[in-house]
Amino acid sequence: MSEDAAPRLRERELRLALVCYGGISLAVYMHGITKEVWHLARASRAMHDGAECVGASARVYRDLLEEIETHSRWRLRILPDIVAGASAGGINGVFLAQAIASGQSLDPLTDLWLEGADVERLIDRDAAPATRFSKVWALPLAWMAAGRSAEQLDSLDDDTRDEVKAKLSHFIRSRWFEPPFSGRGFTAMLLDAFDAMAAAPRGPRLLPDGQPLDLFVTVTDFGGHPERLQLHSPPEVMETEHRLVVPFSDHGHMVETLAAPAELAFAARATSSFPGAFPPFTVGELDGVLRERRRGWPGRRAFLSRVLPRHFAARAADKAVLIDGSVLANAPFRPAIDALNERPARRQIDRRFVYVDPSPGHKFGIGGHVDGVPGFFQTILGAISELPRQQPIRDNLEALAGRSRRIERMAAIIEAVRAQVEGEIEGLFGRTLFLDRPTPARLVAWRRRAQEAAADRAGYSYAGYGQLKAAGVAEFVTALLQAIGGEPGGQRGNRIRQRIDAALAARGLGPDAVFSGGASAAMIDFLRTFDLPFRVRRLRLLARRLSDVEGDADEATLAPLRDAIYDSLDGYLDVRQPRRHAALHRDVRGLRDDAGALLDSLGAALDLPALDAATDERMAAALAELPREIRRPMLLNYLGFPYFDVATMPLLQGEGVDEYDPIKVDRVSPDDARSIREGGAEATLKGIQFNSFGAFFSRAYRENDYLWGRLHGAERMIDITVSALPAGARLRAGRIAAVKRAAFLAILDEEEEKLPTAAALISSLRGEIG
């Protein structure tokens with residue numbers, strides 16, 4: 001085959017939603033894993049930009065991506081765009097998200113873990129033992145609690161064994177009945193780490209412009225905050241909610257920092273307030289550290305009103321007591337799942353949920369596995385600490401599987417009715433449709449005619465579709481107004497919705513405004529003013545159709561239409577952001593009775609007709625430039641969208657039409673990375689000792705776990721990358737093993753001089769890698 005006849009290159013995005021578990025001192029191991037995610041994303045960005053890769057391991061990843069492109073004719077781009085974390089995973093998630101969004105380096109963070117995550121640095125000076133004889137009688141209890149961890153000390157070299165024993169002695173003899181670790185000291189360390197990242201050389205943002213990076217950090221509100229629940233009898237009850245999620249987003253744009261360092265430190269410190277080890281976190285603690293450093297926090301009020309809305313409304317944000325996020329949500333899948341809605345998709349998508357579990361398997365028990373009936377202390381400690389953290393993620397996986405099944409059904413429905421819809425459009429307009437040059441006026445006329453025909457052909461089923469559509473628009477308006485007002489909670493949303501419904505009913509927009517075969521003039525006007533979700537669904541389906549025909553045209557031919565679609569989407573998606581409507585904040589907060597005036601103000605602020613006109617200009621120009629064989633399926637899809645929407649919206653109610661492909665789930669853990677050494681965490685990690693506090697007692701332990709984190713992360717990132725190849729595309733035999741070996745050796749070369757206590761381990765690993 002000649003070079004000119006070679007198959008055209010197609011593009012595919014491997015999108016990673018990373019969920020990081022808690023793990024106490026195994027945070028050091030997880031830092032190694034997240035660093036490999038960062039290296040892989042940097043390699044992908046460098047390849048896309050035609051830039052040089054920094055670092056030997058990143059060059060291995062780039063070589064892999066280039067080999068995939070050469071042999072499979074697929075250009076694969078790696079986009080970690082959702083990060084959720086709890087506790088130790090929350091800290092690592094915060095720093096990884098900061099690096100992805102701002103282009104900052106993760107390398108300075110390594111010092112935080114290797115040097116700062118030491119019991120001698122973490123212990124509060126007021127908690128340290130006064131003399132070497134303090135609580136010496138308690139040392140046997142420490143060894144008993146350590147169980148098998150104490151036995152393993154005999155296999156260590158003399159220096160490491162003495163270090164662990166001395167620091168464990170210091171730790172156990174620190175003050176009792178108060179947390180031994182310093183909250184203020186750890187907050188200061190976090191701020192230092194953010195400063196170090198900001199001072200280091202930075203690269204580009206690791207996601208394409210317009211692709212948002214969303215971060216979610218779980219926190220536990222110790223005192224709780226009230227939430228109203230609607231019942232039949234009594235009509236309303238109050239319950240206390242303890243779960244909090246601290247969200248951040250860069251909204252798809254390059255930023256100097258994902259958020260103010262004080263706000264990122266707030267999330268990292270709060271999520272890692274491990275009960276009994278660190279004191280609970282309060283806003284006052286952060287304020288005190290900032291005062292000591294003479295640093296301001298200009299966005300303090302807005303941030304607290306956003307993340308602690310109930311406390312802020314009661315003027316009690318300073319009094320909120322926050323503890324470890326993993327107490328109630330150690331595996332924070334839910335916020336990551338919710339973030340899937342409304343994400344842009346410019347190429348074919350392979351969406352992965354990748355969860356990082358540093359110590360999988362059965363972890364309950366003090367000092368090892370529980371044989372028989374647990375004792376008094378095991379029962380109490382397990383009930384208040386371990387059991388809530390170790391709940392399986394089956395519910396989350398079933399939710400993802402259910403979403404994937406709905407997406408598969410919707411895609412199947414669209415394919416099943418495509419030929420019929422295209423026939424309807426051709427019958428409606430005639431084949432001359434594809435000879436006429438599209439203009440904005442023609443697009444408007446064609447679209448309205450197709451809309452009327454779809455309603456007529458749907459018959460009595462259109463009434464159900466129309467009711468669902470109108471209800472969805474009312475929900476959209478309610479949610480937007482609630483966000484503009486900054487008032488959380490289902491009760492407030494219900495009150496806004498009731499007033500919106502009353503205003504719509506007063507305008508003749510009740511249940512009879514949608515009927516078999518059509519809608520009233522008032523309903524049509526309402527939808528033209530407020531039905532933003534319909535416009536977004538239409539453009540996303542067109543984008544999906546465009547990706548289906550990529551193999552029939554080169555990128556230069558399709559680029560104008562792709563740009564028209566996504567420039568238009570950007571406009572629609574931006575106008576639904578609450579920040580765009582700050583002028584309505586006071587009106588929403590003051591809403592008491594009639595919502596008619598507020599509806600009119602919101603409709604004017606959205607100004608969808610103006611966005612429609614700009615979209616029509618772009619679409620007409622782009623469609624007119626397409627070759628006829630490409631213009632035909634695009635026009636048929638665009639004009640036929642009302643038919644597709646009638647068929648699919650009752651199934652998904654608008655969900656998931658951006659990322660059409662089913663979601664796959666991958667795990668990263670010591671048990672899943674076996675190329676170098678079998679045996680999982682027991683054979684590789686030191687931090688699992690002393691009930692996962694082990695790495696706090698020795699730099700050698702931390703260097704060990706960090707290095708294994710990088711190695712395990714590299715192996716799993718290579719596995720996941722290669723698994724994203726489409727069916728039928730594969731690398732040559734033996735190449736995957738060779739790539740892993742190259743990555744392992746590159747990591748050892750990068751870290752050898754930086755890890756002084758790991759010389760023996762590195763030498764052993766070189767022999768195991770071969």
For the backbone of [Y] and the side chain of [X], can you confirm whether one donor and one acceptor N or O come within less than 3.5 Å of each other?
X      : Y      : result
Arg538 : Leu639 : no
Arg205 : Val255 : no
Arg535 : Asp531 : yes
Arg528 : Pro609 : no
Arg589 : Gly485 : yes
Glu13  : Ile349 : no
Asp250 : Leu213 : yes
Arg631 : Leu623 : yes
Arg42  : Cys53  : no

Residues [X], [Y]: salt bridge by 4.0 Å N-O rule:
X      : Y      : result
Asp525 : Arg507 : no
Arg62  : Glu67  : no
Arg449 : Glu452 : no
Arg75  : Glu66  : no
Asp574 : Arg580 : yes

Restricting to pairs with a member in residues 44-53, which pass side chain to side chain donor-acceptor pair (under 3.5 Å), not counting sequence neighbours? Arg45-Asp49, His48-Arg77
Verdict with supporting geometry, Leu608 and Phe530, side-chain contact (heavy atoms from CB on, under 4.5 Å): CA-CA 7 Å; Leu608 294 187; Phe530 292 105; 5.5 Å; no
Run Asp350 and Arg15 through side-chain contact (heavy atoms from CB on, under 4.5 Å) and show every step you take. CA-CA 6 Å; Asp350 187 339; Arg15 295 187 178 181; over 6 Å; no
Please evaluate residues Leu635 and Leu626 with respect to the criterion side-chain contact (heavy atoms from CB on, under 4.5 Å), reporting the C-alpha separation (whole Å), side-chain torsions for both, the decisive distance (0.1 Å), and the verdict. CA-CA 11 Å; Leu635 263 178; Leu626 286 176; over 6 Å; no
Any residue meeting side chain to side chain contact (heavy atoms under 4.5 Å, CB included) with Asp666, in chain and number order, not counting sequence neighbours: Arg352, Val354, Arg716, Ile720
Nearest-0.5 Å distance, [atom1] of residue [X] to [atom2] of residue [Y]:
X      : Y      : atom1 : atom2 : answer
Leu527 : Leu509 : CG    : CG    : 8.5 Å
Leu76  : Leu79  : CG    : CG    : 9.0 Å
Leu542 : Arg537 : CG    : CZ    : 14.5 Å
Leu40  : Leu65  : CG    : CG    : 6.5 Å

Cation-pi check, Lys664 onto Phe353 ring (under 6.0 Å, within 45° of axis): no
Under a plain distance cut-off of 3.5 Å, with no hydrogens placed, do Glu256 and Ser102 share a side-chain donor-acceptor pair? no
Please examine the side chains of Tyr643 and Ile425, heavy atoms only from C-beta on, and report whether any two atoms are closer than 4.5 Å. yes
With side-chain contact (heavy atoms from CB on, under 4.5 Å) as the criterion, how do Leu481 and Leu598 come out once you've worked through the C-alpha distance, each side chain's angles and the decisive distance to 0.1 Å? CA-CA 9 Å; Leu481 288 175; Leu598 181 58; 4.0 Å; yes
Could you go through Arg497 and Gln482, starting from their C-alpha distance and side-chain angles, then the distance that decides it, and tell me whether this counts as side-chain hydrogen bond (donor to acceptor under 3.5 Å, both in side chains)? CA-CA 9 Å; Arg497 176 61 189 271; Gln482 187 176 8; over 6 Å; no
Angle between ring planes, Trp446 versus Phe429, binned at 30° and 60°: parallel, tilted or perpendicular? perpendicular
Centroid separation under 6.0 Å, is that true for the rings of Phe216 and Phe248? no
CZ/Arg202: more than 12 non-hydrogen atoms of other groups inside 6.0 Å: yes
Report the C-alpha separation of Tyr638 and Arg447 in whole Å, then their side-chain angles, then the decisive distance to 0.1 Å, and conclude whether the side-chain hydrogen bond (donor to acceptor under 3.5 Å, both in side chains) test is met. CA-CA 8 Å; Tyr638 187 63; Arg447 200 169 56 235; 3.2 Å; yes
May I have the list of side-chain donor-acceptor pairs in residues 458-468 shorter than 3.5 Å, sequence neighbours left out?
residue : atom : partner : partner atom : Å
Ser461  : OG   : Ala458  : O            : 2.6
Tyr465  : OH   : Asp645  : OD2          : 2.6
Gln467  : NE2  : Pro511  : O            : 2.3

